Q: 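Supplied in structure tokens, the structure appears directly below.
The shown structure was predicted, so the numbers you read here are calculated from the model rather than taken from an experiment.
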Amino acid sequence: MDKGLVHLYSGDGKGKTTAAMGLALRALAAGKKVVIVQFLKGAESGEITLLKQLGAQVFRGKAGQKFVFQMNEAEKQESRLVQNENLRRALEQPADMLILDEACGACALGMVEEALLKKAVMEKPEEQELVLTGRDPAEWMQQRADYHTEMLCHKHPYEQGISARKGVEF
């Protein structure tokens, strides 16, 4: 890769993380160093286990398993600390590809220090490929993106009472 670009996968539809992890798989297959930060996610999903086995370095976790809207202020503060530390640790690693999964939502919800996130995006190494995912991206993310794909939900099994399924949604 001569010049790394910025990818943004946003919207309310399914597939943002899946697209990012597909890029990670492609980069790993090409012998690239991949670093992934997963914001706002607690339980590990199936693709993360395999990506780690293939050499990706993954930083993830939060305080507890609650959604942000369910957290009290102490839990939110603890989660912010975890999210910021994960991002700082990831930025210390050399990476051909850096994936910041759910960065848009973490930023919008105040669950990661916006200045630190913005620095990671705006001051990325020139050759690094950088991927952002999530709902409601900040204007500065949209402006910085070289690719911006919006996933739109027209229909979802959840509306029919079908829960997330292992191996498909997680």
Q: Would you check, one step at a time, whether the test side chain to side chain contact (heavy atoms under 4.5 Å, CB included) holds for Cys104 with Asp136?
A: CA-CA 6 Å; Cys104 304; Asp136 305 317; 5.9 Å; no

Q: Check whether any side-chain N or O of Lys32 sits under 3.5 Å from a backbone N or O of Met97 as a donor-acceptor pair, and report yes or no.
A: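 Not a single qualifying donor-acceptor pair exists.
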
Q: Does the pair Trp140 and Met122 meet the rule for a side chain to side chain contact (heavy atoms under 4.5 Å, CB included), with working shown?
A: CA-CA 9 Å; Trp140 62 264; Met122 300 302 204; 3.9 Å; yes

Q: Is the backbone of Asn72 close enough, under 3.5 Å, to the side chain of Glu75 for a donor and an acceptor to pair up by distance?
A: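 Looks like yes, one N/O pair under 3.5 Å.
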
Q: Return yes if some donor-acceptor pair links the side-chain N/O of Glu127 with the main-chain N/O of Asp96 below 3.5 Å, else return no.
A: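 No: the side chain of Glu127 does not pair with the backbone of Asp96.
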
Q: Enter the distance from Leu116:CG to Gln83:CD here, rounded to the nearest 0.5 Å.
A: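 The CG atom of Leu116 sits 11.5 Å away from the CD atom of Gln83.
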
Q: Might you point out which heavy atoms bring Ala20 and Ile99 nearest each other, and give the distance in Å?
A: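 For Ala20 versus Ile99, the nearest heavy atoms are O-CD1, 3.3 Å.
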
Q: Are the side chains of Leu132 and Leu130 in contact, using a 4.5 Å heavy-atom criterion?
A: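 Side chain of Leu130 against side chain of Leu132, heavy atoms only: contact under 4.5 Å found.
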
Q: So which atom in Ala95 and which in Val35 form the shortest heavy-atom distance, rounded to 0.1 Å?
A: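 Nearest pair, atom of Ala95 first, then Val35: CB-CG2, 3.6 Å.
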
Q: Would you kindly say whether Gln93 and Lys33 are connected by a side-chain donor-acceptor distance under 3.5 Å?
A: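 Their side chains do not contain a donor-acceptor pair, so the 3.5 Å distance test is not met.
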
Q: If only side-chain N and O atoms count, and only distance matters, is there a donor-acceptor pair under 3.5 Å linking Gln77 with Arg80?
A: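 Yes, because at least one side-chain N or O of Arg80 sits under 3.5 Å from a partner of the opposite role on Gln77.
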
Q: In sequence, state the C-alpha distance, the side-chain angles, and the governing distance for Arg88 and Glu113, and then conclude on salt bridge (Lys or Arg N to Asp or Glu O under 4.0 Å).
A: CA-CA 10 Å; Arg88 282 188 190 93; Glu113 185 182 320; 3.3 Å; yes

Q: Using atom types as modelled and distance alone, determine if a side-chain donor or acceptor of Lys124 lies under 3.5 Å from a backbone N or O of Gln128.
A: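 Confirmed, Lys124 side chain pairs with Gln128 backbone.
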
Q: Membership question, hydrophobic clusters at under 4.5 Å side-chain separation (ILVMFWY): are Val34 and Leu54 in the same one?
A: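 Per the 4.5 Å side-chain linkage, Leu54 and Val34 are co-clustered.
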
Q: Linking Ile, Leu, Val, Met, Phe, Trp and Tyr through side-chain heavy atoms less than 4.5 Å apart, which residues share a cluster with Tyr147?
A: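 Cluster partners of Tyr147: Leu5.
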
Q: So how far is it from Leu8 CG to Gln143 CD, rounded to the nearest 0.5 Å?
A: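 Reported value, rounded in 0.5 Å steps: 11.0 Å.
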
Q: For residues 97-108, which residue pairs qualify under side chain to side chain donor-acceptor pair (under 3.5 Å), counting only residues two or more places apart or in two chains?
A: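 Listed once each, the pairs are Thr17-Asp101, Gln38-Asp101, Lys41-Asp101, Asp101-Thr133.
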
Q: Looking at Leu91, Val6, Ile36, which hits side chain to side chain contact (heavy atoms under 4.5 Å, CB included) with Leu98?
A: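 Between Leu98 and the candidates, side chain to side chain contact (heavy atoms under 4.5 Å, CB included) is satisfied uniquely by Leu91.
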
Q: Side-chain contact, heavy-atom cut-off 4.5 Å: Ser10 with Met141?
A: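 In short, these two side chains do not touch, never coming nearer than 4.5 Å.
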
Q: Carefully, step by step, assess Val37 and Val58 under the rule side chain to side chain contact (heavy atoms under 4.5 Å, CB included).
A: CA-CA 6 Å; Val37 179; Val58 181; over 6 Å; no

Q: Is there side-chain contact between His7 and Tyr9, with heavy atoms separated by less than 4.5 Å?
A: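 Yes, close enough: below the 4.5 Å cut-off.
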
Q: May I ask you to test the Leu87-Phe39 pair for a side-chain heavy-atom distance under 4.5 Å?
A: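 Contact flag for Leu87/Phe39 side chains = yes.
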
Q: How many angstroms lie between NZ in Lys52 and CG in Leu28, if you round to the nearest 0.5 Å?
A: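 It is 13.5 Å, given to the nearest 0.5 Å.
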
Q: Let me confirm one number: the CD-CZ distance from Glu150 to Arg135, rounded to the nearest 0.5 Å.
A: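 Going from the CD atom of Glu150 to the CZ atom of Arg135 covers 11.0 Å.
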
Q: For the residue pair Met151 and Asp12, establish whether any side-chain heavy-atom pair is separated by less than 4.5 Å.
A: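 They are not in contact (no side-chain heavy atoms under 4.5 Å apart), so the answer is no.
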
Q: Find the distance between OG1 (Thr18) and CG (Leu25) and round it off to the nearest 0.5 Å.
A: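 One gets 12.0 Å once the value is rounded to the nearest 0.5 Å.
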
Q: Taking NZ, NE, NH1 and NH2 as the nitrogens, is one of them in Glu92 or Arg89 under 4.0 Å from a carboxylate oxygen of the other?
A: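 Not counted as a salt bridge, because no side-chain N and carboxylate O are separated by less than 4.0 Å.
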
Q: Going from SG on Cys153 to CD on Glu159, what distance comes out if it is rounded to the nearest 0.5 angstrom?
A: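 The distance works out to 5.5 Å.
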
Q: State, to 0.1 Å, how close Ala24 and Leu51 come at their nearest heavy-atom pair, and which atoms those are.
A: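 For Ala24 versus Leu51, the nearest heavy atoms are CB-CD2, 4.1 Å.
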
